[in-house]
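For ligands, and for the atoms within them, numbers begin at 1 and follow the listed sequence.
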Amino acid sequence: MSKFVINGKRRLCGEVEVQGAKNSSLPILAATLLTKGENVLLNCPTLTDVDAAMRILRYLGCSVDKVGSAVLVNSDGMNRSDIPDDLMREMRSSIVFIGAVLARFRNATLSFPGGCELGPRPIDLHLKALRKMGVDITERHGILECSAPKGLHGAKIALSFPSVGATENIILAAATAQGTTTITNAAREPEIVDLCEFLCDAGAEIYGAGEGTILIDGKSELYAVSHTIIPDRIVAASLMSAAAVTGSEITLSGIIPSHLSSIIPVFEEAGCSVSCKHGRMKFSAPEHMRALSMLRTMPYPGFPTDAQAPLMAVAAVCDGTSVFVENIFENRFKHVGEMCRLGADISVQGKVAVVNGARPLYGANVEAEDLRGAAGLITAALAAEGTTEVGGIKYLMRGYESYEKVLSDLGADVRKI
Ligand code: EPZ
């Protein structure tokens, strides 16, 4: 199991380009099943989750090549509609293939998805919506047998929660369905907008992406496109956190400031200065930061749950007490115990975590148990006196491209062993 060895309290400096967004690449890779011809996806990050999605596409009969940060996918050769258990278990977002496979083959066989254990991760909203679009679904021994013999048809779907994955699955199923689909209480994340831009470039008719109500007018044919994946706003937030805890000044390039509209104010309130111009961000942190105001994770454009762990490492070194309320996932404080091993003073009660900052952190051996928890522990290790070993780096590699190199190039003392 690989780990990071970090000697903390090194100031960072320099400039880094933010990688392409994992959570945009994955649904767009699924969307290539809907298009004829060869798609070119640019700025696609090199991640184990992207590798897993590429393996699924190859298994289904597509031709898939990765040339640097470009992924070429031609799904004309797709010849099956089942995704085996081992491939489905590799990541949670493999559920997003169900809509695209059904749209293409009118049947799909998948097992319940794997991924980070962030509490029970149901897919009831996905299945309820697909049933409304004409899909018969039987669940047996963890296997989903789905069929739509008459093809998918449009429907009016009101989501009880603005689920990102469910919104994506419905869009993928509706893009080539017969008739019109409307989604109310849809997720508004930038990754949804990026998926819809890809699909509209391919000939789909989608209105309202990024809003709470999305309308999709089904089209019979979609054609392959070349598309550049948006930058990863969570990786940007993680790098801002690394600079904040080390009192550093860094520049992030290739960002979209509006995607960080709920993240930038948090750092500014702590005393950091953030200036964005032409897709670049100059970020600088003071020697001592003020405590963060109450941080509630919310659906976009609220504060993102994926940035909660890195920001908790920031809170651990701020002066004063910060409070986090995790409203999205039930079990997303697994990094707390390990952060306390580094000297942080954090107490958790249900979905609330109280962080008493301004305590020195000291190196220790810690173990990550999920993707963003790994980023949070690495951030805390950068602020800790002495040497920290962070295990469970396989989780980090799901979402952060060459993170040890990114941090080392900024001056951190980080080695991957
Ligand atoms: C996406 O997961 C992201 N993953 C997550 O990022 C992110 O944390 C999450 O959205 C919220 O922003 C990808 O895009 C690949 P949800 P997803 O459906 O689609 C409940 C990361 O670190 N729910 O919006 O799984 C669910 O249990 C990952 O990059 C249902 O109850 O998130 C959760 O509590 C982690 N029934 C809440 O909604 C359903 O059918 C949010 O889930 C679906 C979801």
Inset, instruction - Compute whether any side-chain donor of one residue and acceptor of the other, for K156 and T184, lie under 3.5 angstrom apart. - result: no
Inset, instruction - Consider only side-chain N and O atoms of R372 and T305, and report whether a donor and an acceptor are under 3.5 Å apart. - result: no
Inset, instruction - Consider ligand 1: state whether an atom of it lies below 4.0 angstrom from any non-hydrogen atom of P122. - result: yes
Legend entry - Test log, rule salt bridge (charged side-chain N to carboxylate O under 4.0 Å, His left out), inputs R58 and D65: CA-CA 10 Å; R58 287 196 187 100; D65 294 297; 5.4 Å; no
Inspect the contact between [Y] and [X] and indicate whether a charged nitrogen and a carboxylate oxygen are less than 4.0 angstrom apart.
| X | Y | result |
| --- | --- | --- |
| E191 | R233 | yes |
| D409 | K405 | yes |
| R104 | E221 | no |
| E367 | K3 | no |
| D124 | K128 | no |
| R55 | D86 | no |
| E211 | R188 | no |

Taking non-hydrogen atoms only, is [X] closer than 4.0 angstrom to ligand 1 via side chain, backbone, both or neither?
| X | result |
| --- | --- |
| E330 | neither |
| L371 | side chain |
| L125 | both |
| T305 | side chain |
| D49 | neither |

Evaluate [X] for polar contact with ligand 1, using N/O atom pairs at a separation under 3.5 Å.
| X | answer |
| --- | --- |
| L26 | no |
| I328 | yes |
| F161 | no |
| E168 | no |

Please could you name the atoms of ligand 1 that [X] approaches to less than 4.0 Å, counting only its heavy atoms?
| X | result |
| --- | --- |
| D306 | 5 (C), 6 (O), 7 (C), 8 (O), 21 (C), 22 (O), 28 (C), 29 (O), 35 (C) |
| G165 | 18 (O), 19 (O) |
| K22 | 21 (C), 29 (O) |
| I123 | 39 (C), 40 (O) |

Inset, instruction - Return the option from R332, E326, H126 holding the heavy atom at the smallest distance from atom 35 (C) of ligand 1. - result: R332
